[in-house]
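The structure under discussion appears below in the form of structure tokens.
Protein chains get the first letters and strands the later ones, always in sequence-line order, with residue 1 at the start of each.
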2 protein chains.
Amino acid sequence: MNDIKQFLRSNALRPTKQRIIIAGYLFDGTNKHVTAESLSTELAKRKHTISLATIYNTLHDFYENGLLKKLTLSADRVYFDTNTGDHHHFYSEKEQFLIDINKKIKVNGLPKTPKNKKINKIEVIVHLDK
Amino acid sequence: MNDIKQFLRSNALRPTKQRIIIAGYLFDGTNKHVTAESLSTELAKRKHTISLATIYNTLHDFYENGLLKKLTLSADRVYFDTNTGDHHHFYSEKEQFLIDINKKIKVNGLPKTPKNKKINKIEVIVHLDK
DNA sequence: TATCAGTTTAGAATGATTCTAAAGTGTTGA
DNA sequence: TCAACACTTTAGAATCATTCTAAACTGATA
Ligand SMILES: [Mn+2]
Ligand SMILES: [Mn+2]
Ligand SMILES: [Zn+2]
Ligand SMILES: [Zn+2]
């Protein structure tokens, strides 16, 4: 709890009640993929009611500070990922299935990068079926 | 034009005025990435006014018949791709930059597929910066 | 502890997409 | 040929994730 406060402070984020609760849930040591909605539901289970606006604000604040990654897998919800390392995903939209691929993946055969652009990141999504 | 009619019929799609116009634009031989909005704009330039509802309907009809692929690159719009072959993309959300990678790409080092699932497709998105 | 910038929140707004239901059209069998 | 009907188009309303607004609240600071 004081660790969480320190953690937030060290990221230039004022440790408010809401951020402490959210950070406590998100950064408990297990990697998580959440949406604003799913996070809200989890917090509600734990009897914490934080407005959706604050949940959105906080997810973005954390994202902007590099504490979360953002995943665009489906057109109608954004996932935030507590695993900020370089990794990829198995994903099934139909089954809401999303898990990390932490093994090193190598992508071979890329053509040269378009003129005046540089590669920011390579994302591999392995779409699964039943 | 009669080719387009035949083309639509051969895909179990009734060749309506609107579908003929849209197919004529989309399948002119050059690969395209469109959103409902961008397609509407292009058609308007050509003095064709087709309701947005029909544009959405038609894109989905074409997609369902395998004439288009769907790309989820950004959380707030869906791209449809006339290149239905196996390929990948260079993409920059900020710059609305999206181009095909038609070279064969190989992804090495994937862990084994989760139990009872099978790989439907592997998607590689190369995110670019300026 | 007063002050103030930063934060939370309810509720309104936004915007892409989907839905509804009524009017229009392509197909087809007689 | 053409009536009959299933399929299609469309305007406008609805949906829904997300963002915005602006007022109340609170952590930090001296
Ligand atoms: Mn949506
Ligand atoms: Mn949106
Ligand atoms: Zn992940
Ligand atoms: Zn493409």
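Rounding to whole angstrom units, CD of residue Glu37(B) and P of dT14(C) are separated by 16 Å. Nucleotide dT8(C) holds its P atom 10 Å from the CD1 atom of Ile21(A), rounded to whole Å. Atom pair Asp61(B):CG and dA6(D):C1' shows a separation of 15 Å (rounding to whole Å applied). In this structure, the NZ atom of Lys5(A) is 14 Å from the P atom of dT26(D), given to the nearest Å. The nearest whole Å value for the distance from the CZ atom in Arg19(A) to the P atom in dT26(D) is 14 Å. Whole-Å rounding puts the Phe62(A) CZ to dT7(C) P distance at 11 Å. In this entry the distance linking CG of Asp76(B) with C1' of dA17(D) reads 10 Å, nearest Å. Per the geometry, CG belonging to Leu52(B) stands 16 Å off C1' belonging to dT8(D), to the nearest Å.
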Exercise for review: Between protein and nucleotides 19-28 of chain C, map the contacts as a letter string: B base, S sugar-phosphate only, - none, heavy atoms under 4.0 Å, written 5' to 3'.
Suggested key: B-----BBS-
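At a cut-off of 3.5 Å, with distance as the only test, a side-chain donor of Asn83(B) or Asp100(B) sits close to an acceptor on the other residue. For the residue pair Ser38(A) and Thr41(A), no side-chain donor N or O sits within less than 3.5 Å of a side-chain acceptor on the partner.
For the pair Lys70(B) and Tyr79(B), the cation-pi test (distance below 6.0 Å, angle within 45°) is failed.
Within a 6.0 Å radius of CG in Asn108(B), more than 12 heavy atoms belonging to other residues, nucleotides or ligands are found.
Under the rule for a ring pair (Phe, Tyr, Trp, His ring centres under 6.0 Å), the partners of Phe62(A) that lie at least two apart in sequence or sit in another chain are Phe27(A). Legend: residues meeting ring pair (Phe, Tyr, Trp, His ring centres under 6.0 Å) with His60(B), ordered by chain and number and at least two apart, are Phe80(B).
For the pair Arg9(B) and Arg14(B), the minimum side-chain heavy-atom distance is 4.5 Å or more.
Using a 4.0 Å cut-off, no side-chain N or O of Gln18(A) falls inside it from OP1 or OP2 of dT26(D). For Thr54(B) and dT9(D), the shortest distance from a side-chain N or O to OP1 or OP2 is not below 4.0 Å. Between Arg77(A) and the phosphate of dT18(D), there is no side-chain N or O to OP1/OP2 separation shorter than 4.0 Å. Using a 4.0 Å cut-off, no side-chain N or O of Tyr56(B) falls inside it from OP1 or OP2 of dT18(C). In this structure, His60(B) does not reach the dT17(C) phosphate: none of its side-chain N or O atoms is under 4.0 Å from OP1 or OP2.
Distances were taken from every side-chain heavy atom of Ser51(A) (C-beta onward) to each of dT9(C), dT17(C), dT9(D); the shortest belongs to dT9(C).
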